[in-house]
Amino acid sequence: MAGTEALISLDGVEKVFDVRRRVSLMRREKRQVRAVDGISFEVARGEVVGYIGPNGAGKSTTIKMLTGILTPSGGRLRVAGIDPARERMRLAHRIGVVFGQRTTLWWDLPLKDSYGLMRRMYRIPAARYRENLERCVDRLDLAELLDVPVRQLSLGQRMRGDIAAALLHDPDVLYLDEPTIGLDVVSKAKVRGFLRQLNAELGTTVLLTTHDLQDIEQLCERVMVIDHGRLMYDGPLGGLHAARPGAESERTLVVDLEREVGPIRVEGARVVRVEGPRQWLAFPAGASAAPLVAAVAARYPLVDLSVREPDIEDVIARMYAGRG
Ligand SMILES: Nc1ncnc2c1ncn2[C@@H]1O[C@H](COP(=O)(O)OP(=O)(O)OP(=O)(O)O)[C@@H](O)[C@H]1O
Ligand SMILES: [Mg+2]
């Protein structure tokens, strides 16, 4: 349900870090790291956008600039019409942030005391606070945890607690930096279900960084891929497959033969792996597997077979590989 108004906009945004490295006892070397190297995109109100890329790509740095924690080295950046670095406090009322790797909650306080502090910090009106807290407690299963000090919570419980904390003041935008990292399957499902509902019911805009491609598959219609501080792709998840020439995805036919033979030779597929009597044949994702199966069965002692669909992790890896 995306509107037309751009809630987040970046125009040629850069972040350069000066890093000093000791190269020997006497000498230090100064080096610049271009963590974000000229990124432009817009996110409309109500969108859920995935922001993905390999380690060190610049994802967290981008999120930190979008919250005002870091000041861009160049370019223009606006969130809800606000320049984050210049008006960080005013922006804080419009955004919620969850960093999966660390908590914003007070370690020694019971969850509900942390929430009380948030309420005072953000001057949240009593009725609204109660309503938001109730919704989060209900949907994120927090009722039993409210009196527990944060340090005693499991990672999944803490993450749910953190997500609630980020939403008590009704932000327009929620930034999530690896919100499912380290969570078990059940906790991940809970978090994803909650975010879907949040977006559907309140229209909260979500920018999500993750290494878990299921997060993207289940939550995001749009995905941006960043590498070395540059935007490599921006579009629907399905389009990633066709993002680069030579990077179109392949399906894999896995065949079990009666015995070990040399690599199978059939038209329209190539062997990518052999393990004893089992062989893996890659073929274009758009092609039918039927003729291939028939050709293999006609000439080889076929016992069993299965077809594997391409996953996006594989597709993204190809995309990087295709970049000279
Ligand atoms: N405060 C800093 N000082 C110097 N270099 C930094 C700083 N923060 C990040 N970097 C560097 O900037 C680059 C981008 O880092 P960033 O944390 O944004 O990556 P990321 O995409 O979030 O990676 P990950 O998937 O590992 O979380 C990396 O090379 C990193 O080492
Ligand atoms: Mg990161």
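All ligand and atom numbering here is 1-based and tracks the order in the structure. The first residue in the sequence is number 1, and the count goes up from there. Scope of the values below: all heavy atoms of this structure, side chains included, with no hydrogens, waters or symmetry mates.
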Distance dump, ligand 1 polar atoms to protein, N/O, under 3.5 Å:
| from | atom 1 | to | atom 2 | distance (Å) |
| --- | --- | --- | --- | --- |
| ligand 1 | 18 (O) | Ser60 | N | 3.4 |
| ligand 1 | 18 (O) | Thr61 | N | 2.9 |
| ligand 1 | 18 (O) | Thr61 | OG1 | 2.6 |
| ligand 1 | 19 (O) | Gly58 | N | 3.3 |
| ligand 1 | 21 (O) | Ala57 | N | 3.2 |
| ligand 1 | 21 (O) | Gly58 | N | 2.9 |
| ligand 1 | 21 (O) | Lys59 | N | 2.8 |
| ligand 1 | 21 (O) | Lys59 | NZ | 2.8 |
| ligand 1 | 22 (O) | Ser60 | N | 2.9 |
| ligand 1 | 22 (O) | Ser60 | OG | 2.8 |
| ligand 1 | 23 (O) | Gly56 | N | 2.8 |
| ligand 1 | 25 (O) | Asn55 | ND2 | 3.2 |
| ligand 1 | 25 (O) | Lys59 | NZ | 2.7 |
| ligand 1 | 25 (O) | His211 | NE2 | 2.8 |
| ligand 1 | 26 (O) | Asn55 | ND2 | 2.9 |

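Residue Met65 is grouped with residue Phe17 when hydrophobic side chains (ILVMFWY) are merged at heavy-atom distances under 4.5 angstrom, including chains of intermediate members. Taking hydrophobic clusters as Ile, Leu, Val, Met, Phe, Trp and Tyr residues chained together by side-chain heavy-atom distances below 4.5 Å, Val19 shares a cluster with Ile69.
The one candidate from Arg128, Arg119, Arg94 that meets the salt bridge (charged side-chain N to carboxylate O under 4.0 Å, His left out) condition with Asp170 is Arg128.
Both the sub-6.0 Å distance and the 45° axial angle are not jointly satisfied by Lys190 relative to the ring of Phe194.
A search for ring-ring contact (aromatic ring centres under 6.0 Å, His included) contacts involving Tyr129 returns nothing, not counting sequence neighbours.
Judged as a side chain to side chain donor-acceptor pair (under 3.5 Å), the pairs with a partner in residues 95-112 (not counting sequence neighbours) are, in order, Thr103-Asp162, Thr104-Asp162, Asp108-Arg151, Lys112-Asp147.
Looking at Arg78 and Glu42, no side-chain N of the basic residue comes within less than 4.0 Å of a carboxylate O on the acidic one, giving no salt bridge. With respect to the salt-bridge test (charged N to carboxylate O, under 4.0 angstrom), the residues Asp212 and Arg192 qualify.
When atom types are taken as modelled, the side chain of Thr67 and the backbone of Lys64 share a donor-acceptor pair closer than 3.5 angstrom.
Excluding waters, the protein N/O/S atoms found under 2.8 Å from the Mg ion (ligand 2) are Ser60 OG.
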